[in-house]
Amino acid sequence: MAHLIQTLQDRLAAAIERVAGAEHAGTDPLLRPSAQPRFGDYQANVAMSLGKAIGTPPRKLAEAIVTAVSWDDVCEKVEVAGPGFINFTFRTAFLDEQLAGMAADPRLGVAAAASPQTVVVDYSSPNVAKQMHIGHLRSTIIGDAIARVLEHLGHRVIRQNHIGDWGTQFGMLIEYLAQSGQEAGDELKVADLEQLYRAAQQRYEADETFAARARRRVVDLQAGEPTAVKLWKALVEESKRHFAGVYRRLGVLLGDEDVRGESFYNEMLPQVVRDLEALGLLHESEGARVLYPPGFRNAESEPLGMIVRKRDGGYLYATTDLAAARYRIATLGADRLIYVTDSRQNQHFAMLFAALREAGWAPAGVRLEHVPFGMVLGKDRRPLKTRSGRNVRLDEVLDEAVERADRIIARKNPDLAGPQRREVAEAIGIGALKYADLSGQRIKDYIFDWDQMLAFDGNTAPYLQNAYVRVRSIFRKGEIDPRTLPAGAIGIAQPSERDLALRLLQFPAIVAAVADSLEPHRLCGFLYDLATAYHRFYENCPVLSAGEPALRNSRLVLCDLTARVLAGGLELLGIGTVEQM
RNA sequence: GCGCCCGUAGCUCAGUGGACAGAGCAGCGGUCUUCUAAACCGCAGGUCGGUGGUUCGAAUCCACCCGGGCGUACCA
């Protein structure tokens, strides 16, 4: 079933073609929700811009568009106003019908993509042998939301957790483990990875003999020497267990099968360089092999290059990223590559994409996208750190989120206790944390503020979760199973019902917009507006005591639809709901 | 220096080239014998960093400037 915006859009396209000719058939009708109720439900602004282009007075063109096709089945009123706005007011019966269709649809009107794509989403990417910290939060949460949305739309989503499991730092870690009696083959038990890392680093800096042995271990590892490899593998395995624990708690859909670390591409690196050589794209600079994508300048305004092979023959992240992208396109069959990393890597990805195009490894049809995001700042507007200046550990952040949520629930709803309260605290705390990260424009830095993210007012997860709870509480109180409701029972009677209906019907378009823009905050904004519309409805429209059975049924269906969109929308963001809070 | 990003109410943030710029918090004032008041309603609060430009129309697009952040090859 075409959703209502699509219906209007299609009809506008037909009208424009009839009035302005086939060459303007594809013109965007500039359909928007109306700025004010007196301008109807939706407005099309196409007449002003198109009128100018084809030399017809906008008002005249608007009137021609209005009379070119019939709107009667959809709109009770179509008016031309001001300089050439076309204002549409839907027929209530049409809205009823649309809502009924949405209510009967398990996908809530969100159609699966007509031509599914293979999309690789690269996100999270923590480092082996280190605790996950606050710096991994945004990539993990935003990337997961994006992957969920694309998957829901029927795309084949391949998650890639590009963990940092390779590099010279493993020399000191291996040497440290070996010296502390860790036997190759033992399962590694490292309670605190961060501590191990620091200890190894300290030793490396203080002890020259140790450092020399550590460097030797790097060579061993690269050569596949069994002891070095075993210890390295043990480190990777322990780290993956740590990551999995954090992901489970965060409700992030990254599993072991999604882990494809830097080491995976090792054996491809020489070939990458050879192929770039063969393409004539590499130049010599101070002993390194360098690719210069056009348009990049360094501090001295000389061409800025990507080093793909160091003077000493080693490879860098640029080489690995090239190999990974090529693998994802050629082997995994990706139509779209998405990288969710902080905005500081903007230039790196711009160069990487330019290089991929230049090498012909990313054909024109493949979409390459960096999804940049800003930093997490403390209230002092400086990057968030602990008092001692260290990175804030993610598991500590999660604990604190749940603790704080638990305290709030204990205060506000003393009836809730025991394991149920714990479960609710988990959903509220983690949800609040994730939502705070998702609800603003991702490119901006955001200020990490417990009180704000856990507030039950404003654009927060608890507010949305509470709106859901309030809906569900109606069904509990009325002892009604929403599945037994007749979906077709909707009959809008009140203005606040109509506002709620229009809001609900936007859901499919919003999900599509998020999939295209990769901006989850749009979905957040929508859910917040929906919850607000529901609360107004809730104030004005008694449900259980609605009197007439038809009205009561209609409102119950509206309630259920609201609950399903709220829960479904939050689910797309990776945030859970609870029945009571 | 060059490049990228940010600048909207006291604070935290929305805002798709369209009609008088919107929320939440904080402030002031209302509304619970009635489905969770964890809510709702109202009042007050703005040279949309600045100056030009494009446009019938600019917070939104362009140029320059002012603030702030980040990047600027042998880490990732």
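Convention: sequence-line order gives letters A, B, ...; per-chain numbering from 1.
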Legend entry - Sugar-phosphate only, base, or nothing, as touched by A:N87 at under 4.0 Å among non-hydrogen atoms: base
Inset, instruction - Would you indicate what A:M48 reaches in the nucleic acid, counting non-hydrogen atoms under 4.0 angstrom: base, sugar-phosphate, or nothing? - result: base
Inset, instruction - Specify the separation, in whole Å, of atom CG of A:L304 and atom P of B:C74. - result: 10 Å
Inset, instruction - Determine the interplanar angle of the A:H535 and A:Y538 rings, folded into 0 to 90°, and report it as parallel if under 30°, tilted if 30 to 60°, perpendicular if over 60°. - result: perpendicular
Inset, instruction - Remember a base hit wins even if backbone is also touched, and classify A:F39 as base, sugar-phosphate or nothing at under 4.0 Å, heavy atoms. - result: base
Inset, instruction - Say whether A:R503 and A:Q506, considering side chains only, have a donor N or O and an acceptor N or O under 3.5 Å apart. - result: yes
Legend entry - Rounded interatomic separation in angstrom, taking CZ from A:R309 and C1' from B:C74: 12 Å
Inset, instruction - Among B:A39, B:A19, B:C35, find the nucleotide with the atom closest to the side chain of A:Q43. - result: B:A19
Inset, instruction - Mind calculating the distance between CE (A:M351) and P (B:C74) to the nearest angstrom? - result: 12 Å
Legend entry - Candidate nucleotides B:G71, B:C13, B:C74, ranked by approach to the side chain of A:Y446 - the nearest: B:C13
Inset, instruction - In whole angstrom, give the distance that lies between atom CG of A:L464 and atom P of B:A14. - result: 16 Å
Legend entry - A:Y463 versus A:D457, side-chain donor and acceptor atoms under 3.5 Å: no
Inset, instruction - Record whether the side chain of A:Y292 comes under 3.5 Å of the base of B:A73 through a donor-acceptor pair of N or O atoms. - result: yes
Inset, instruction - Would you mind classifying the nucleic acid contact of A:E286 as base, sugar-phosphate or nothing, using non-hydrogen atoms under 4.0 angstrom? - result: base
Legend entry - Nearest-nucleotide 5' precedence on RNA chain B, A:G458 against A:D445: A:D445
Inset, instruction - May I have the distance from A:Q506 (atom CD) to B:U16 (atom P), rounded to whole angstrom? - result: 13 Å
Legend entry - Residue that, paired with A:S125, satisfies side chain to side chain contact (heavy atoms under 4.5 Å, CB included) out of A:H136, A:H162, A:Q160: A:H162
Inset, instruction - Describe the nucleic acid contact of A:S34 in one word from base, sugar-phosphate, nothing, applying a heavy-atom distance below 4.0 Å. - result: nothing
Inset, instruction - Could you give the distance separating B:A19 and B:A76 at their C1' atoms, to the nearest angstrom? - result: 50 Å
Inset, instruction - Using a heavy-atom cut-off of under 4.0 Å over every strand shown, decide if A:Q441 touches base, sugar-phosphate, or nothing. - result: sugar-phosphate
Inset, instruction - Choose from B:A39, B:U12, B:U16 the nucleotide whose nearest atom is closest to any side-chain atom of A:Q452. - result: B:U12
Legend entry - Any side-chain donor near an acceptor of the partner, A:N459 and A:S439, under 3.5 Å: no
Legend entry - Any-strand Watson-Crick or G-U partner of B:G71, both distances under 3.5 Å: B:C2
Legend entry - Sidechain N-carboxylate O distance under 4.0 Å for A:R328, A:D122: yes
Inset, instruction - Pick base, sugar-phosphate or nothing for A:M375, based on heavy-atom distances below 4.0 Å to the nucleic acid. - result: sugar-phosphate
Inset, instruction - Please check if any side-chain donor atom of A:Y327 sits under 3.5 Å from a side-chain acceptor atom of A:R260, or the reverse. - result: yes
Inset, instruction - Classify the nucleic acid contact of A:P542 as base, sugar-phosphate or nothing, counting any heavy atom under 4.0 Å across all strands shown. - result: base
Legend entry - B:G27: pairing nucleotide in any strand, Watson-Crick or G-U under 3.5 angstrom: B:C43
Inset, instruction - Kindly label the base of B:C32 as syn or anti, based on whether its glycosidic torsion lies within 90° of 0. - result: syn
Legend entry - Nucleotide B:C75, atom P - distance to CD of A:Q345 in whole Å: 15 Å
Inset, instruction - Using the P atoms only, state how far B:C25 lies from B:G42, rounded to an integer number of Å. - result: 14 Å
Inset, instruction - Tell which nucleotide pairs with B:A38, taking only Watson-Crick or G-U wobble pairs whose two distances are both under 3.5 angstrom. - result: none
Legend entry - Counterpart base for B:G22, defined by Watson-Crick or G-U wobble contacts under 3.5 Å: B:C13
Inset, instruction - Ignoring backbone atoms, establish whether A:R536 has a side-chain N or O less than 4.0 Å from OP1 or OP2 of B:C41. - result: yes
Inset, instruction - Look at all strands and tell whether A:V290 reaches a base, only sugar-phosphate, or nothing, counting heavy atoms closer than 4.0 Å. - result: base
Inset, instruction - Measure from the side-chain heavy atoms of A:L544 and tell me the nearest of B:A38, B:C13, B:C35. - result: B:C35
Inset, instruction - Answer with base, sugar-phosphate or nothing: what part of the nucleic acid does A:T320 contact at a heavy-atom distance below 4.0 Å? - result: nothing
Inset, instruction - Answer yes or no: does a side-chain N or O of A:K444 lie under 4.0 Å from OP1 or OP2 of B:U12? - result: no
Inset, instruction - Considering just the side-chain nitrogens and oxygens of A:H535, establish if one lies under 4.0 Å of OP1 or OP2 belonging to B:C40. - result: yes
Inset, instruction - Would you kindly compare A:Q347 and A:D457 by the position of their nearest RNA chain B nucleotide and give the one closer to the 5′ end? - result: A:D457
Legend entry - Distance test, side-chain N/O of A:Y463 to OP1/OP2 of B:C40, below 4.0 Å: yes
Inset, instruction - Check every strand shown and say whether A:R344 touches a base, only sugar-phosphate, or nothing at a heavy-atom separation below 4.0 Å. - result: sugar-phosphate
Inset, instruction - Have a look at A:R555 and say if it touches a base, only the backbone sugar-phosphate, or nothing, with a 4.0 Å heavy-atom cut-off. - result: nothing
Legend entry - Complement of B:C48, any strand, by Watson-Crick or G-U distances under 3.5 angstrom: none
Inset, instruction - Quick one: pull up CG in A:L505 and CG in A:L561 and give me the separation to the nearest 0.5 Å. - result: 8.0 Å
Inset, instruction - Please report, rounded to the nearest Å, how far the P atom of B:C6 is from the CZ atom of A:F373. - result: 16 Å
Inset, instruction - Could you let me know what B:C32 is paired to, Watson-Crick or G-U wobble, both distances under 3.5 Å, or none if it's on its own? - result: none
Legend entry - Under-4.0 Å side-chain N/O to phosphate OP1/OP2 contact, A:R381 with B:U12: yes
Legend entry - Non-hydrogen side-chain atoms of A:K379 and A:F448 separated by less than 4.5 Å: no
Inset, instruction - Considering just the side-chain nitrogens and oxygens of A:K379, establish if one lies under 4.0 Å of OP1 or OP2 belonging to B:C11. - result: no
Legend entry - Residue matched to B:C61 through Watson-Crick or wobble contacts both under 3.5 angstrom: B:G53
Inset, instruction - Under 4.0 Å between any heavy atoms, over every strand shown, what does A:I443 touch: base, sugar-phosphate, or nothing? Just pick one. - result: sugar-phosphate
Legend entry - Nearest listed nucleotide, side chain of A:Y317, among B:C35, B:A76, B:C40: B:A76
Inset, instruction - Could you go through the side chain to side chain contact (heavy atoms under 4.5 Å, CB included) check for A:L368 and A:Y339 one step at a time? - result: CA-CA 8 Å; A:L368 304 173; A:Y339 295 87; 5.7 Å; no
Inset, instruction - Find the distance A:L30:CG to B:U60:P and express it as a whole number of Å. - result: 18 Å
Inset, instruction - With heavy atoms under 4.0 Å as the rule, sort A:N413 into base, sugar-phosphate or nothing. - result: base
Legend entry - Whole-Å C1' distance, B:U33 and B:C28: 29 Å
Inset, instruction - Ignoring backbone atoms, establish whether A:H521 has a side-chain N or O less than 4.0 Å from OP1 or OP2 of B:G15. - result: yes
